[in-house]
Visitor: 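I have a structure here, written as structure tokens, and I will follow up with some questions on it.
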Amino acid sequence: MTDTTTTTPYATQTDSQATDAPFEGVYPAMTTPFTEDDAVDHDQLAANARYLERAGVDGVVPVGSTGESATMSHDEHVAVIETVRDALDDIPVIAGTGSNNTEEALSLSRRAADAGADGLLLISPYYNMPEPQGFLDHYRTIADAVDLPQIVYNVPSRTGRSIPADVTVELAAHPNIRGYKAASGDLNLISEVIERTRDEAFAVLSGDDGLTLPVLSVGGTGTISVVANVEPERTCAMVGAALSGDYDRARTLHHELSPLVRELFAETNPIPVKEAMYLRGRGAPRVRSPLSRLSEGRREALRDLLAAYDERAPGTIDPTAVAPVGTGGAE
């Protein structure tokens, strides 16, 4: 695939205000492209990373949930991190290294650090459903041992248990625990975490594209985003507008992106976004079993939707003109 130059309205139309937040802006949760024989397509992965950097994102997050980390070996994790790190010039790589096994998460975090990761994203232990002390012990074990900035990832729809606010606030005092990916869908919880960590060098990032603007409005500092893989310029423009206080423009862009966000979560993430990347020429739509390709009935709607975005610049689309019929669903 041939890379093409991309420009973004993020820097030219909005200038975000400087803060002491350790993570601020747009961090795409990268997909992992696979070949037809189910191997990682490292050439396409590197091309996707370069495309996102040129589009103006503030960092990238490989091998998280969107990167299908659950079906990848540790060696594949490390190889993906190395490929992405080598492909980029200036932006940080925040590697997904979480597990429901503390020792496994610690081992993978150490290997990610050795591979050149600039930070870590750690999903809360899934399936085990720990108590508050278990959450604290898990995250502190890794933060004490690996000297990289780390982001606690709360996504109870995938893990079975939400991290309590009291636990997050305690963790925010650790010098290596620098952020929180908020994917609970609970704005009251997210707002409480922001309120109670305002005196820490601690970032709260939206982990739910549909709630990014609301999270920013109560003090969030950015997003770890699925839709930014497909529309990085629009996502950067929206977040940049909100961070600089231009909420009229931010709302316009939020509503403009909303039809695509709904379509990207109409089936289990990352099934739709892999299809969208394929339609944009950025890798095959292949996902690893037990996931399956986007259903045929949704492919045409997604194709038509992306065509509408391709025709118009950020901030110029009427959302009612692009919204597919019957979209919906969640991660």
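Numbering of residues begins at 1 and proceeds along the displayed sequence.
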Visitor: Taking side chain to side chain donor-acceptor pair (under 3.5 Å) as the test, write out the residues that go with S191, two or more places apart.
Guide: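 Scan of S191 (side chain to side chain donor-acceptor pair (under 3.5 Å), adjacent residues dropped) gives none.
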Visitor: I need the L216 CG to L211 CG distance, nearest 0.5 Å.
Guide: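 Here the rounded value is 10.5 Å.
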Visitor: Tell me every residue that passes side-chain contact (heavy atoms from CB on, under 4.5 Å) with N176, counting only those two or more places apart in sequence or in another chain.
Guide: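 Once residues adjacent in sequence are excluded, the partners of N176 under the side-chain contact (heavy atoms from CB on, under 4.5 Å) criterion are A143, D147, Q150, H174.
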Visitor: Can you name the residues that form a side-chain contact (heavy atoms from CB on, under 4.5 Å) with E82, not counting sequence neighbours?
Guide: V78, A115
Visitor: Output all residues satisfying side chain to side chain donor-acceptor pair (under 3.5 Å) with D75, sequence neighbours left out; order by chain, then residue number.
Guide: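 Side chain to side chain donor-acceptor pair (under 3.5 Å) check on D75 returns R111.
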Visitor: Any chance the side chains of Y180 and N154 put a donor and an acceptor closer than 3.5 Å?
Guide: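 Y180 vs N154: donor-acceptor pair found between side chains.
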Visitor: With sequence neighbours left out, write down each residue that passes salt bridge (Lys or Arg N to Asp or Glu O under 4.0 Å) with D41, or none if nothing qualifies.
Guide: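 D41: no salt bridge (Lys or Arg N to Asp or Glu O under 4.0 Å) contacts found.
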Visitor: Under the rule for side chain to side chain donor-acceptor pair (under 3.5 Å), what residues qualify as partners of D38, not counting sequence neighbours?
Guide: R286
Visitor: Could you tell me whether the side chain of S124 reaches within less than 4.5 Å of the side chain of Y153, counting heavy atoms only?
Guide: no
Visitor: Tell me which one of I81, D86, L88 satisfies side-chain contact (heavy atoms from CB on, under 4.5 Å) with V84.
Guide: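 The side-chain contact (heavy atoms from CB on, under 4.5 Å) with V84 is passed solely by L88 among I81, D86, L88.
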Visitor: My understanding is that only residues two or more places apart in sequence, or in another chain, count here; which of them pass side chain to side chain donor-acceptor pair (under 3.5 Å) with R110?
Guide: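 Listed in chain order: nothing, the list is empty.
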Visitor: Honestly curious: do F23 and V169 fall in one hydrophobic cluster under the side-chain, below-4.5 Å linking rule?
Guide: no
Visitor: Between Y247 and V26, is there shared hydrophobic-cluster membership here, with clusters defined by ILVMFWY side-chain heavy atoms closer than 4.5 Å?
Guide: yes
Visitor: Do E267 and S295 touch side chain to side chain, with heavy atoms closer than 4.5 Å?
Guide: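 Yes, their side chains come closer than 4.5 Å.
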Visitor: Is a side-chain donor or acceptor of N100 paired with a backbone partner of N128 at a separation under 3.5 angstrom?
Guide: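 Judged by distance alone, no pair lies under 3.5 Å.
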Visitor: Just by modelled atom types, is the L122 backbone N or O under 3.5 Å from a matching donor or acceptor in the Y139 side chain?
Guide: yes
Visitor: Who are the salt bridge (Lys or Arg N to Asp or Glu O under 4.0 Å) partners of D137, not counting sequence neighbours?
Guide: none
Visitor: Side chains of R251 and L213: does their closest heavy-atom pair fall under 4.5 Å?
Guide: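 Sidechains of L213 and R251: in contact.
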Visitor: Would you find a donor on one side and an acceptor on the other, under 3.5 Å apart, between the side chain of E68 and the backbone of R288?
Guide: yes
Visitor: May I ask you to say whether E233 pairs ionically with R54, meaning some side-chain N is under 4.0 Å from a carboxylate O?
Guide: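 R54 and E233: not salt-bridged.
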Visitor: Let me check something: do V218 and V193 share a hydrophobic cluster, defined by ILVMFWY side-chain heavy atoms less than 4.5 Å apart, either directly or through other members?
Guide: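 Yes: a chain of side-chain contacts under 4.5 Å links V218 to V193.
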Visitor: Does anything in residues 161-176 form a salt bridge (charged side-chain N to carboxylate O under 4.0 Å, His left out)? List the pairs, not counting sequence neighbours.
Guide: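 Of all non-adjacent pairs touching residues 161-176, those that pass salt bridge (charged side-chain N to carboxylate O under 4.0 Å, His left out) are E131-R161, R140-E170, D166-R196.
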Visitor: Got a donor-acceptor contact below 3.5 angstrom from the T66 side chain to the M30 backbone?
Guide: no
Visitor: Are any of the side-chain heavy atoms of P33 and M277 separated by less than 4.5 Å?
Guide: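 P33 does not reach M277 side chain to side chain.
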Visitor: With heavy-atom distances below 4.5 Å as the criterion, would you say the side chains of L294 and P285 are in contact?
Guide: no
Visitor: Applying salt bridge (Lys or Arg N to Asp or Glu O under 4.0 Å), can you list everything that pairs with E53, at least two apart in sequence or on another chain?
Guide: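 Per chain and number, E53 pairs via salt bridge (Lys or Arg N to Asp or Glu O under 4.0 Å) with no residue.
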Visitor: Is the NZ or CZ atom of R299 positioned over Y278's six-membered ring, under 6.0 angstrom from the centre and within 45° of the axis?
Guide: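 Not flagged: R299 not positioned over aromatic ring of Y278.
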Visitor: Check whether S206 reaches the backbone of D208 with its side chain - one donor and one acceptor, N or O, closer than 3.5 Å.
Guide: yes
Visitor: Would you compute the distance between atom NZ of K181 and atom CD1 of I163 and round it to the nearest 0.5 angstrom?
Guide: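 Output value for this atom pair is 12.0 Å.
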Visitor: Is a side-chain donor or acceptor of N229 paired with a backbone partner of A29 at a separation under 3.5 angstrom?
Guide: yes
Visitor: Answer with yes or no whether the side chains of D37 and T35 bring together a donor and an acceptor at under 3.5 Å.
Guide: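 Note: T35 and D37 side chains meet the donor-acceptor criterion.
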Visitor: Can E231 and R280 be counted as an ion pair, charged N to O under 4.0 angstrom?
Guide: yes
Visitor: For D199, does the CG atom have more than 12 heavy-atom neighbours from other residues, nucleotides or ligands under 6.0 Å away?
Guide: no
Visitor: Would you say D118 and L148 make side-chain contact, with heavy atoms under 4.5 Å?
Guide: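 The answer is no; the side chains never approach within 4.5 Å.
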Visitor: Looking only at non-hydrogen atoms, find the nearest pair between V80 and M72 and report the distance.
Guide: CG2-CE, 3.6 Å
Visitor: Between T31 and K274, is there a donor-acceptor pair closer than 3.5 Å when you use the side chain of the first and the backbone of the second?
Guide: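 Such a contact is absent between T31 side chain and K274 backbone.
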Visitor: Write down the atom of P130, the atom of P125, and the distance for their closest heavy-atom approach.
Guide: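 Looking at all heavy atoms of both residues, the shortest contact is CD-O, 3.8 Å.
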Visitor: Decide, yes or no, whether a salt bridge links E200 with R178 under the criterion of side-chain N to carboxylate O below 4.0 Å.
Guide: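 Between R178 and E200 there is no salt bridge, as every charged N stays at least 4.0 Å from the carboxylate O atoms.
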Visitor: Salt bridge check: are R234 and E256 linked by an N-O gap of less than 4.0 Å?
Guide: yes
Visitor: Nearest 0.5 Å, please: how far is CG in D209 from OG1 in T235?
Guide: 6.5 Å
Visitor: Which residues pass the side-chain contact (heavy atoms from CB on, under 4.5 Å) test with D114, sequence neighbours left out?
Guide: none
Visitor: Check for a donor-acceptor pair, side chain of T32 on one end and backbone N or O of G67 on the other, with a separation under 3.5 Å.
Guide: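 The answer is yes, because a donor-acceptor pair under 3.5 Å joins these two groups.
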Visitor: In this structure, would L136 and L120 fall into the same cluster of hydrophobic residues linked by side-chain contacts under 4.5 Å?
Guide: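 Hydrophobic grouping puts L136 with L120.
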Visitor: Are the side chains of T221 and V204 in touch, meaning some heavy atoms are under 4.5 Å apart?
Guide: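 In short, these two side chains do not touch, never coming nearer than 4.5 Å.
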Visitor: Without hydrogens or angle criteria, can the side chains of N48 and Q44 be said to hold a donor-acceptor pair below 3.5 Å?
Guide: yes
Visitor: Rounded to the nearest 0.5 Å, how far apart are CD1 of I271 and CG of L291?
Guide: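 One finds 4.5 Å between CD1 of I271 and CG of L291.
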Visitor: Just by modelled atom types, is the Y27 backbone N or O under 3.5 Å from a matching donor or acceptor in the S225 side chain?
Guide: no
Visitor: Rounded to the nearest 0.5 Å, how far apart are CG of L260 and CZ of F265?
Guide: 9.5 Å
Visitor: Do L108 and V152 share a hydrophobic cluster (ILVMFWY, side-chain heavy atoms under 4.5 Å, transitive)?
Guide: no
Visitor: Please enumerate all residues that pass salt bridge (Lys or Arg N to Asp or Glu O under 4.0 Å) together with D90, with sequence neighbours excluded.
Guide: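 Result, salt bridge (Lys or Arg N to Asp or Glu O under 4.0 Å) vs D90: none returned.
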Visitor: Report yes or no: does S244 contribute a side-chain atom to a donor-acceptor pair with the main-chain N or O of G240 at less than 3.5 Å?
Guide: yes
